[in-house]
Amino acid sequence: MIDFILSIRQLFVFIFFITGIYFLLSTAVGLIRFPNLYTRLHAGSKCLMAGGISVFMGCIVLEGISFVSLKLIVIMIFLSITNPVTIHVIASFDNNYNLIPKTYTKEDFEK
Amino acid sequence: MLYLILVIVLTAILTFYRVIKGPSLPDRLVAMNCIGVMFLLVLVLLSFYFERKIFIDVALVYGVFLFINVLIMAKYLRKPWKGGVGD
Amino acid sequence: MIDILFYLLLLFLIITAFFMVFTKDLSNSVITLPLFGAILVIIFVILQAPGVALAAAIMTVGLTTAFFVITINKTEY
Amino acid sequence: MRKKLLTFILTLALWFVFAGHVSIQVFFLGTIISSFISLMMAENLFRLIQLKDGTKDFPKKTYDIFMVIIAFIYDVFLSAVKVSRHAFEIKPSFSPRIVRIKTSLKNSNSIATLASFITFTQGSLALDFDHINNQYVIHWIDVHSDDEEERKIARIRKHLNLIAKIVD
């Protein structure tokens, strides 16, 4: 019975790590091959976070219930909160998408 | 476990191509963010490989400072507005 | 097996250092600086020195890059 | 008083997680430091985090927050599969488009939460927000016709109803 539970745990760890490798590789290939800035931002936000979350989940399953897994959960929640903020800040780096904010009137741009 | 770390480091070297040959500044910033998160994963996995719990603290501190870095770069490296109204 | 990882990281360190020195634009060089620090942190972790790794993570990744970025902002633009 | 007590318990729990083990010294030092933090910063902390109806109905609200986190992780994996399929094609084909969507959320906290949800749903990326007209500016990665656009906007409405239950 104990061997059965151990083998199930090894299987889950293996699956999580394989999916993590796949998403990280797709991040690198996407950043190289995509033609535009905004499409690169798509690859840099979604695939990267999916790979990170799956690697962290594999580590948590490998560790079990202890303080180390709690610390890993804290890192994971911090990463998943701050990555959209980072992507949004980089996306508003240069305003090239024909958006003029409404707070500036047209006379301000004429000056 | 060690093969996983090797694959992630090779992926980071592949991503560094975008830092070398990026047309504009935000492309390089996105690639820098991706390489930073990959190195955070490498730090966590090395802590499990050596079985020393204190290495996770290094990963935590590194993650906090990576986030602050990207925000500072995006605030201070951007060019001001054409009208000169920029904050 | 750990030696292959160590030599791979040293190769990556040399690549980032050469790119930092030989680019024309100054902001490209600043963007590569935290990557240099991160590789240094991983090398310290492999050499079993967590205290030095914590200090390097705070110094190289955090403070030095922030000072350089603010200095470039006050001189160029 | 309830805000200060809640801040004290949360900070002490975070202190124990970061310390790594439970002993009497960790408890005494954590009590001193987290009491300082809760006396100084409780008002500012709860001014930033605005829940609906304050801290009433706390167990039901934790269930809702848990459901939001589950939906978040599910969306991340489902959208990463779509983007990675674009990455491994022989000739990558996109049809990007920039769309504006009106929302009915008023609270600035819920607007930020919905923006991070839009960044992680399938093929959308929140670029900016107009505070005058209450509308998001969203970049889609593949929209081939107008009907598909309607269906994808309807998926965002579902997240909006989920968030409006907790904050706003």
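By convention in this document, chain letters (A, B, ...) are assigned in the order of the sequence lines, proteins followed by strands, and residues within each chain are numbered from 1. This one's a predicted model, so the numbers in the text were calculated from it and none came from an experiment.
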Quiz prompt | Between B/Leu4, B/Val70, B/Val7, the one whose heavy-atom pairs under 4.5 Å with chain A are most numerous | solution =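 Looking at each option in turn, the highest pair count goes to B/Leu4.
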Quiz item: Any idea which of B/Thr15, B/Val37, B/Leu66 has the most non-hydrogen atom pairs under 4.5 angstrom with chain A?
Solution: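 So the answer, after comparing B/Thr15, B/Val37, B/Leu66, is B/Val37.
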Side chain, backbone, both or neither: which part of [X] has a non-hydrogen atom closer than 4.5 Å to chain A?
| X | result |
| --- | --- |
| B/Leu10 | neither |
| B/Ile35 | neither |
| B/Val30 | both |
| B/Leu14 | both |

Under a 3.5 Å distance rule, please check whether [X] uses its side chain to pair with a backbone N or O of [Y] as donor and acceptor.
| X | Y | result |
| --- | --- | --- |
| A/Arg40 | A/Phe34 | yes |
| B/Arg18 | A/Leu31 | yes |
| B/Thr11 | A/Leu25 | no |
| A/Thr19 | A/Ile15 | yes |

Proximity breakdown for [X] and chain B, heavy-atom pairs closer than 4.5 Å:
| X | answer |
| --- | --- |
| A/Val85 | side chain |
| A/Phe56 | side chain |
| A/Leu48 | side chain |
| A/Thr27 | side chain |
| A/Phe17 | both |

Exercise. Mind checking the CE-CD1 spacing from A/Met76 to A/Ile60? Nearest 0.5 Å is all I need.
Key: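 Those atoms lie 5.0 Å apart.
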Practice problem: To the nearest 0.5 angstrom, please state how far the CD atom of A/Glu63 sits from the NZ atom of A/Lys71. | Solution: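 Between A/Glu63 CD and A/Lys71 NZ, I get 11.0 Å after rounding to 0.5 Å.
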Quiz prompt | Side chain proximity check, A/Thr86 to A/Ile90, heavy atoms < 4.5 angstrom | solution =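 Yes, side chains in contact.
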Quiz item: Who among A/Ile21, A/Ile18, A/Ile32 has the most heavy-atom pairs with chain B under 4.5 Å?
Solution: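 The answer is A/Ile32.
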Practice problem: Report, as yes or no, whether the 6.0 Å neighbourhood of atom CE on A/Met57 holds more than 12 heavy atoms from other residues, nucleotides or ligands. | Solution: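 Counting neighbours around CE of A/Met57, 12 or fewer heavy atoms of other residues, nucleotides or ligands fall under 6.0 Å, so no.
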